[in-house]
Amino acid sequence: MDAQKVFIIFSLFISLSCATNVVDFCVADLSFPVGPAGYPCKNPAKLTVDDFVYSGLSVAGNGSNVFKLATNVAFDVTFPALNGQGISMLRADIGVGGVVPLHSHRVTELIYMVSGTMIAGFINSDNKPFFKTLNKGDIMVVPQGSYHFAVNTGNTPAIATATFSSANPGIHVVTTSIAANNLPTDIIQKVTLLDAKQILQLKKFFGGSN
Ligand SMILES: *[C@@H]1O[C@H](CO)[C@@H](O)[C@H](O)[C@H]1NC(C)=O
């Protein structure tokens with residue numbers, strides 16, 4: 001057995017140990033590959049309190065994009081202490097007229113409105129939309145797997161946090177799923193009923209092809 005295989009089996013063993021709650025925490029060692037139970041642990045003897053504190057959400061992310069949406073995430077990849085804890089968070093700064101584009105993830109989300117005003121909503125599996133204007137201090141739960149969105153309807157930037165029941169929720173944005181890759185346009189057209197011209201325009205914008 002070569003060294004790499006031993007390494008992978010060893011990391012799997014550590015991940016599984018973490019999954020069965022035999023340790024209090026398992027700060028991710030990002031030099032290993034991630035598995036279904038997360039990353040293997042850093043040596044606990046080498047941890048300090050600073051491993052458990054993350055200041056990345058004190059500032060806005062980069063909002064220079066078509067959605068005017070700036071996100072900074074505290075997921076396992078940026079805040080390794082979340083590994084194995086089943087929780088994570090992001091900060092969203094939505095510019096005036098900006099949006100959080102329609103997307104879904106595999107876990108539940110809790111939105112907390114820090115400042116500004118936005119319409120937030122989700123669509124359930126019966127195609128029923130639930131949406132409402134959120135103001136400072138409001139929270140809203142977004143059920144796992146549902147498509148959801150937000151629109152800044154105020155005249156100031158809107159700031160919200162989102163907390164997820166996973167250390168890494170995975171995010172599928174509908175528009176970029178369609179337009180930021182090389183899935184052939186005729187297939188997209190068939191499976192979405194969208195117009196080919198519109199698909200090609202979106203592909204051009206988001207760097208897709210075919
Ligand atoms: C923000 O993102 C844009 C678009 O990706 C990029 O051109 C720009 O350099 C980024 N700005 C900063 C400060 O990182």
Side-chain angles (χ1 to χ4, degrees), residues 27-31 33-34 39 50-83 87-107 109-122 134 136 140 142 146-164 166-185 187-188 192 194-210:
V27 176
D29 183 340
L30 300 178
S31 65
V34 69
Y39 290 91
D50 290 332
D51 285 288
F52 297 90
V53 176
Y54 182 65
S55 301
L57 303 194
S58 60
V59 292
N62 182 344
S64 302
N65 54 62
V66 67
F67 302 118
K68 299 185 184 169
L69 170 64
T71 52
N72 260 347
V73 304
F75 293 172
D76 53 5
V77 285
T78 50
F79 186 20
L82 296 178
N83 185 50
I87 196 163
S88 61
M89 194 170 184
L90 65 72
R91 167 180 171 160
D93 292 63
I94 310 159
V96 175
V99 304
V100 178
L102 193 64
H103 69 284
S104 74
H105 27 74
R106 56 183 172 264
V107 295
E109 170 177 344
L110 192 58
I111 299 169
Y112 171 68
M113 205 63 212
V114 177
S115 63
T117 299
M118 69 183 190
I119 292 175
F122 65 89
L134 302 185
K136 181 182 163 79
M140 178 175 185
V142 178
S146 60
Y147 286 118
H148 56 287
F149 57 87
V151 179
N152 182 352
T153 48
N155 45 28
T156 60
I159 305 177
T161 63
T163 305
F164 302 94
S166 164
N168 196 325
I171 295 175
H172 302 268
V173 177
V174 172
T175 313
T176 51
S177 294
I178 287 171
N181 56 48
N182 62 4
L183 184 62
T185 295
I187 295 180
I188 298 172
T192 62
L194 292 174
D195 184 61
K197 195 169 152 219
Q198 174 81 76
I199 296 166
L200 287 166
Q201 270 173 359
L202 287 173
K203 276 184 180 265
K204 196 168 169 200
F205 189 82
F206 288 104
S209 58
N210 279 335

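Note that the structure is a prediction, hence the values are computed from the model and not measured. We use all heavy atoms of the structure for the numbers below, so side chains are in, but hydrogens, waters and symmetry mates are not. First listed ligand is number 1; within each ligand, the first listed atom is number 1. Along the sequence shown, residues carry numbers from 1.
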Student: Could you tell me how the ring of Phe67 sits relative to the ring of Phe206: parallel (under 30°), tilted (30 to 60°) or perpendicular (over 60°)?
Tutor: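 The rings of Phe67 and Phe206 lie parallel, inter-plane angle below 30°.
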Student: Considering all heavy atoms of both residues, which atom of Val77 and which atom of Leu30 are nearest to each other, and what is their separation?
Tutor: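 Closest approach of Val77 to Leu30: O-CD1, 3.4 Å.
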Student: Enumerate, atom names and distances included, each donor-acceptor pair closer than 3.5 Å involving a side-chain atom of residues 167-177, sequence neighbours excluded.
Tutor:
| from | atom 1 | to | atom 2 | distance (Å) |
| --- | --- | --- | --- | --- |
| Asn168 | ND2 | Asp76 | OD1 | 2.9 |
| Thr176 | OG1 | Val173 | O | 3.4 |
| Ser177 | OG | Val173 | O | 2.7 |

Student: Got a donor-acceptor contact below 3.5 angstrom from the Asp93 side chain to the Ala60 backbone?
Tutor: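 Not at all, since once roles are kept as given, no pair shorter than 3.5 Å links the two residues.
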Student: For residues Ser115 and Thr156, determine if any side-chain heavy atom of one lies less than 4.5 Å from a side-chain heavy atom of the other.
Tutor: no
Student: Does Thr185 use its side chain to pair, donor to acceptor, with the backbone of Asn210 at less than 3.5 Å?
Tutor: yes
Student: Starting from the N and O atoms of ligand 1, find every protein N or O within less than 3.5 Å and list the pair with its distance.
Tutor:
| from | atom 1 | to | atom 2 | distance (Å) |
| --- | --- | --- | --- | --- |
| ligand 1 | 2 (O) | Asn62 | OD1 | 3.3 |
| ligand 1 | 2 (O) | Asn62 | ND2 | 2.3 |
| ligand 1 | 11 (N) | Asn62 | ND2 | 2.8 |
| ligand 1 | 14 (O) | Asn62 | ND2 | 3.4 |

